Amino acid sequence: MKIAFFDTHNFEKETFDQANSLHHHFINFLDPILTELTAVLAKDHECVCAFTNDQLNEKTLDILAAGGTRLIALRSAGFNHVDLAHAKKLGLKIVRVPEYSPYAIAEHVVAMIQTLNRKTHRAYNRVREGNFSLNGLVGFDLHGKTVGIIGAGKIGKILAKIMTGFGCHVLLNDLNCDTNLIKELGCQFVSLDELFVKSDIISLNVPLTPETRHFINADTLKKMKKGVMLINTGRGGLIDTRALITALKTGLVGNAGLDVYEEEQAVFFQDLSGTILSDDILARLLTFPNVLITSHQAFLTKEALENIATTTLENITQFSKHERLINEVSG
Ligand code: NAI
């Protein structure tokens, strides 16, 4: 099949080329992200391969369908950026990669927790400048702390296991209660309010839905322990960023690790080091020594990239052979 591959990054191109040796699709690697302005580039491509920040809204989908696209292969697990109802109306099929390495994301959460806790981001810069002072670098033992995980799905479960290994008490909140986690790890399923009140560290591992949008806001932040550490690898829209900034200024939130950000689309995945940052909210976040921002890189391991390429191309081959679409997303 002819594939228009939007928002191509160097880190994924080689892996896709390698995995494609088994499928023999024609992949047209394109630099721009997919928007209603760039959708025309997909003309005469039966398949569009899209990433997390591509904009699959009504207008974009109309242009794609008019240009002959029939399949949208998401090379991501999340699909909150796709207007599913409109895609269905146009007869466009959507497939995704439901799981590529939940370990990659769970392990990145731990990297963020320990960086913020032991302040290795500050220590690294200090010693390089000949400053060997330890003042301001005091951390805490993870052992014995309470970790609240919101979303006990594939990633949340692995994170629960890792944090239990550190000797933490793990509280979980999910729409469904997994009794195995209770039996195997001794975790507890609790209400959101109880999780907010009791947790020293809170990790967000739910998808972005109308129900979860801004569910970390001024009201919920007030319920948390003073000095709580908040880690978000879910989606930026889970947090009301302005409310988070206020909570950081008052010390209510002691540390924040953000791998995702509400307005990330305009900045993440790009080298903007030579330009002026126009996003004042992001600029403010970057001034806090206790805020660690990574550019949506939680998934970025060799294993995850290989799985993304393999599953995406298998999804496309299933479509081209008129087979059942195992990873179809239906609206
Ligand atoms: P999953 O679908 O296995 O688990 C999500 C869990 O959230 C489910 O157990 C579900 O019941 C629960 N949930 C949904 N709505 C909820 C609500 N209102 N309250 C409480 N629980 C709720 O998904 P997985 O693989 O664990 O991924 C979670 C999220 O992580 C994804 O939706 C995606 O947004 C994000 N993600 C981020 C990546 C990154 O690189 N930063 C990479 C991959 C995923």
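In listed order, ligands and their atoms are each counted from 1. This structure is a prediction, so every number in the text was calculated from the model and none was measured.
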Inset, instruction - With the side chain counted from C-beta on, respond yes when Leu142 and Phe140 share a heavy-atom pair under 4.5 Å apart, and no when they do not. - result: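 They are in side-chain contact.
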Inset, instruction - Flag the pair Phe269 / Asn53 as yes when at least one side-chain heavy-atom distance between them is below 4.5 Å, and no otherwise. - result: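 A side-chain contact under 4.5 Å exists here.
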Legend entry - salt_bridge(Asp193, Lys223) N-O dist < 4.0 Å: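 A salt bridge links Asp193 with Lys223.
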Sub-4.0 Å heavy-atom approach of [X] to ligand 1:
X: Gly78; answer: no
X: Phe215; answer: no
X: Gly234; answer: yes
X: Leu208; answer: no
X: Thr209; answer: no

Legend entry - Under 4.0 Å to a heavy atom of Asp259 - the qualifying atoms of ligand 1, by number: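 With Asp259 as reference, the close atoms of ligand 1 come out as 39 (C), 40 (O), 41 (N).
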Inset, instruction - Give the numbers and elements of all ligand 1 atoms closer than 4.0 Å to a heavy atom of His296. - result: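 Ligand 1 atoms under the 4.0 Å threshold to His296: 39 (C), 40 (O), 41 (N).
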Legend entry - Parallel, tilted or perpendicular, as decided by the 30° and 60° cut-offs, for the rings of Phe299 and His296: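 Judged by the thresholds at 30° and 60°, the geometry between His296 and Phe299 is perpendicular.
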Inset, instruction - Quick one: sort the Tyr261 and Phe268 rings into parallel, tilted or perpendicular, breaks at 30° and 60°. - result: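 Answer is tilted, since the angle falls between 30° and 60°.
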Give me the nearest non-hydrogen protein atom to [atom] as residue plus atom name, then the distance to 0.1 Å.
atom: atom 37 (C) of ligand 1; result: Thr233 O, 3.0 Å
atom: atom 28 (C) of ligand 1; result: Asn205 O, 3.4 Å
atom: atom 33 (C) of ligand 1; result: Arg235 NH1, 3.7 Å
atom: atom 4 (O) of ligand 1; result: Gly153 CA, 3.2 Å

Legend entry - Option whose closest heavy atom lies nearest to atom 30 (O) of ligand 1, chosen from Ile155, Asn173, Thr212: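 Comparing heavy atoms across Ile155, Asn173, Thr212, the nearest one to atom 30 (O) of ligand 1 lies in Ile155.
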Inset, instruction - Select the closest option to atom 6 (C) of ligand 1 among Val206, Asp174, Val97, judged by heavy-atom distance. - result: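 Minimum heavy-atom distance to atom 6 (C) of ligand 1 goes to Asp174.
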Legend entry - Under 3.5 Å: donor-acceptor pair, side chain of Asn307, backbone of Tyr100: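 Flag set: sc Asn307 to bb Tyr100 pair under 3.5 Å.
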So, [X] and [Y]: side-chain donor and acceptor under 3.5 Å apart, yes or no?
X: His121; Y: Thr115; answer: no
X: Asn315; Y: Thr312; answer: no
X: Thr294; Y: His108; answer: yes
X: Glu303; Y: Ser101; answer: no
X: Gln188; Y: His169; answer: no

Please state which part of [X] comes within less than 4.0 Å of ligand 1, counting heavy atoms only: side chain, backbone, both or neither.
X: Ala152; answer: backbone
X: Tyr100; answer: side chain
X: Asn176; answer: side chain
X: Pro207; answer: both
X: Leu175; answer: both

Inset, instruction - Give yes or no for whether the N/O distance cutoff of 3.5 Å, strictly under, is met between Phe299 and ligand 1. - result: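 By distance alone, the answer is yes.
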Inset, instruction - Could you tell me whether Lys154 and ligand 1 have an N or O pair separated by under 3.5 Å? - result: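 Among all N and O atoms of Lys154, at least one is under 3.5 Å from an N or O of ligand 1.
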Inset, instruction - May I ask you to check whether Phe16 and Phe29 place their ring centres under 6.0 Å from each other? - result: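 Phe29 vs Phe16: aromatic centres not under 6.0 Å.
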